[in-house]
Number of protein chains: 4
Amino acid sequence: MLIKIEFESDIPIYEQLKRQIIMGIAKGEFKPGEELPSVRQLSGDIGINLHTVNKTYNILKEEGYLTINRRKGAMVKDELPDAKEEYIHILKDELSYLIADAKNRGINMEDFSKICLDIYSEFEKEV
Amino acid sequence: MLIKIEFESDIPIYEQLKRQIIMGIAKGEFKPGEELPSVRQLSGDIGINLHTVNKTYNILKEEGYLTINRRKGAMVKDELPDAKEEYIHILKDELSYLIADAKNRGINMEDFSKICLDIYSEFEKEV
Amino acid sequence: MLIKIEFESDIPIYEQLKRQIIMGIAKGEFKPGEELPSVRQLSGDIGINLHTVNKTYNILKEEGYLTINRRKGAMVKDELPDAKEEYIHILKDELSYLIADAKNRGINMEDFSKICLDIYSEFEKEV
Amino acid sequence: MLIKIEFESDIPIYEQLKRQIIMGIAKGEFKPGEELPSVRQLSGDIGINLHTVNKTYNILKEEGYLTINRRKGAMVKDELPDAKEEYIHILKDELSYLIADAKNRGINMEDFSKICLDIYSEFEKEV
DNA sequence: GTGGTCTAGACCACG
DNA sequence: GTGGTCTAGACCACG
């Protein structure tokens, strides 16, 4: 999978990496049960600090995406995390802001749905 | 309008305030042409520093939401900002990550659309 | 002469007014020896505070552009101010910054001269 | 590079600093890709507050001159900003006023061009 | 009365 | 070690 970090972004590298792995899983590029590259390898490939990859892996473990084994490294969980109440709450908060901003800028419900639908089908394409 | 800041949150106070004002505009609680509270008043009401409110107002000015007049204070612009290409790009990036995470957690297209629709109609209720 | 104030601008109103009067003189719309509108009239026409017009007139008097007579009001001096050393110094400072910024943004000497020439001939047109 | 602030000036310190950095770039004293001093170092050298330097750096980032990296500090962008329409508009406004004032004071087109040419060639001397 | 600027000092996140 | 955020407090310009 291709990981692309924007070094000039305001979003911290560990957060960018986390998002890309989550999007990689949604696209089926990383499948449940599959091993992720080792911390050493991934940090070397991307050209970032070893601790940064480690931080990302640990956050993804906390969120229920990965298991980390001292010998076998990181692996995508067989069962992906489900949508707990707390998660739904955060999702709605984020969406409320995004939708408010979009609505203010003249994007109506149909335009917004169309954008979401395009993204969803992009993820469903290649499983 | 009721502003509610989570002081424990990782999201900076000025950013939380910005989002709440944008949501307030979407809900019609702040209307185009309407004056916002002065930085001193709002900072006093919320219990945060004057400079933090000032920062939020200036960011919203940069984004095209407000005009700031040295003697009359801040006012919602008569014409809200429109959806420039750069904005659409950022919106799609944010949505891609949110949708990927949601999809992984078993939220399908229909569930997601339903959530968005609920939020949209919440904003459309005229106040 | 048409005075146009941008009330949303960061430039103070008295400064905008000063610049417009100086440009009006350069265009020949106000001629040496000519009376300017009274403070009361001008402030009423533009819709700004009486003190603001007063401030502008006093600055222009300081700079050698106007004479102010209690009974006859403000008048453009018969002899416009000349380019003293101090003025030349300030002009060069301003131009140095403008040219540096323009050069950095890819505007070369010819483009810049062309812009200046256009402006000069605009002022020379209608005397 | 030598930074010189006039503490008595009406021009805010952060604005003076911004102009000097832009002139430094035009002169080639700061080259694309080059790192600027840290906010702490520069503020200490000049004898101003750290936040004032920070404000300047952030404005220059907004204008497309710098990138700011939380750990590496500020760097002149590899690609300097280009002359967008909005910029050209502001430049013409500024020049119109400067030229009007100069013309009124007896500086003709040739004198003015000569001054601009001198400044341009000053910037073109490679350092 | 309003925002703008500047200072001083603190703690934090990133890597 | 770097910038980011936040607070507290001061003085000033505008009108």
Side-chain angles (χ1 to χ4, degrees), chain A residues 5 7-17 43 46-56, chain B residues 5 7 9-17 35-44 46-59 61 66-75, chain C residues 5 7-17 43 46-56, chain D residues 5 7 9-17 35-44 46-59 61 66-75:
Chain A
I5 301 296
F7 288 97
E8 300 183 0
S9 168
D10 287 337
I11 303 170
I13 295 171
Y14 79 87
E15 174 72 19
Q16 292 187 52
L17 183 54
S43 62
I46 309 179
I48 63 178
N49 196 298
L50 194 139
H51 300 314
T52 308
V53 176
N54 220 307
K55 181 168 187 171
T56 300
Chain B
I5 301 296
F7 290 95
S9 168
D10 287 339
I11 303 171
I13 296 173
Y14 76 86
E15 174 72 19
Q16 292 185 53
L17 182 54
E35 280 178 26
L36 293 178
S38 77
V39 292
R40 278 175 184 77
Q41 162 136 36
L42 188 51
S43 62
I46 305 179
I48 61 176
N49 192 280
L50 165 164
H51 294 110
T52 306
V53 176
N54 204 283
K55 181 168 187 171
T56 299
Y57 279 10
N58 273 289
I59 291 172
K61 174 187 160 197
L66 305 182
T67 58
I68 297 177
N69 186 299
R70 203 177 278 228
R71 63 189 203 288
K72 293 192 304 179
M75 193 185 86
Chain C
I5 302 295
F7 288 97
E8 301 183 359
S9 167
D10 287 337
I11 304 170
I13 296 171
Y14 79 88
E15 175 72 18
Q16 292 186 53
L17 183 55
S43 61
I46 309 180
I48 62 178
N49 196 296
L50 195 139
H51 301 313
T52 308
V53 177
N54 220 307
K55 181 167 187 174
T56 299
Chain D
I5 301 296
F7 289 95
S9 169
D10 288 338
I11 304 171
I13 297 174
Y14 76 86
E15 175 72 18
Q16 293 186 52
L17 182 55
E35 280 178 26
L36 293 177
S38 77
V39 292
R40 278 175 182 78
Q41 164 136 33
L42 188 52
S43 62
I46 305 178
I48 61 176
N49 192 280
L50 166 164
H51 294 110
T52 307
V53 175
N54 204 283
K55 181 169 187 172
T56 300
Y57 278 10
N58 273 288
I59 291 171
K61 174 186 161 196
L66 304 182
T67 58
I68 298 177
N69 186 299
R70 202 176 277 230
R71 61 190 206 286
K72 293 193 305 179
M75 192 185 87

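Here is how names work: the chains are called A, B, and so on, in the same order as the sequence lines, proteins then strands, and each is numbered from 1. Hydrogens, waters and symmetry mates are skipped; everything else that's a heavy atom, side chains included, is used. The model shown is predicted, which means the values in this text are computed figures rather than measured ones.
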Per nearest nucleotide of DNA chain F, the residue lying toward the 5' end, Pro37(D) or Tyr14(C), is Pro37(D)

Comparing nearest nucleotides in DNA chain F, the 5'-proximal residue of the pair Asp10(D), Leu50(D) is Leu50(D)

How many angstroms lie between [atom1] in [X] and [atom2] in [Y], if you round to the nearest 0.5 Å?
{"X": "Tyr14(A)", "Y": "Ile48(A)", "atom1": "OH", "atom2": "CD1", "result": "13.0 Å"}
{"X": "Leu17(B)", "Y": "Ile46(B)", "atom1": "CG", "atom2": "CD1", "result": "5.0 Å"}
{"X": "Lys61(D)", "Y": "Glu8(A)", "atom1": "NZ", "atom2": "CD", "result": "10.0 Å"}

State which residues pass side chain to side chain donor-acceptor pair (under 3.5 Å) with [X]; sequence neighbours excluded, sorted by chain then number.
{"X": "Asn58(D)", "value": "Asn54(D)"}
{"X": "Glu15(B)", "value": "Arg19(B)"}
{"X": "His51(D)", "value": "Asn49(D)"}

Just to be sure I understand the rule, does [X] reach a base, reach only the sugar-phosphate, or reach nothing, if contact means heavy atoms closer than 4.0 Å?
{"X": "Asn58(D)", "answer": "sugar-phosphate"}
{"X": "Lys55(D)", "answer": "sugar-phosphate"}
{"X": "Ile13(B)", "answer": "sugar-phosphate"}
{"X": "Ile48(B)", "answer": "sugar-phosphate"}

Pairs counted as Watson-Crick or G-U wobble with both distances under 3.5 Å: what dot-bracket string results for DNA chain E, using | for bases tied to another strand? ||||||||||||||.

With nearest nucleotide decided by heavy atoms, which residue, Ile68(B) or Ile11(A), maps closer to the 5′ end of DNA chain E? Ile68(B)

By side chain to side chain contact (heavy atoms under 4.5 Å, CB included), which residues pair with Leu50(C), not counting sequence neighbours? Val39(C), Arg40(C), Ser43(C)

Range on DNA chain E touched by chain B, heavy atoms, distance below 4.0 Å: dG1(E) to dC6(E)

Determine yes or no for a side-chain-to-main-chain donor-acceptor pair under 3.5 angstrom, with Glu35(B) supplying the side chain and Gly73(B) the backbone. no

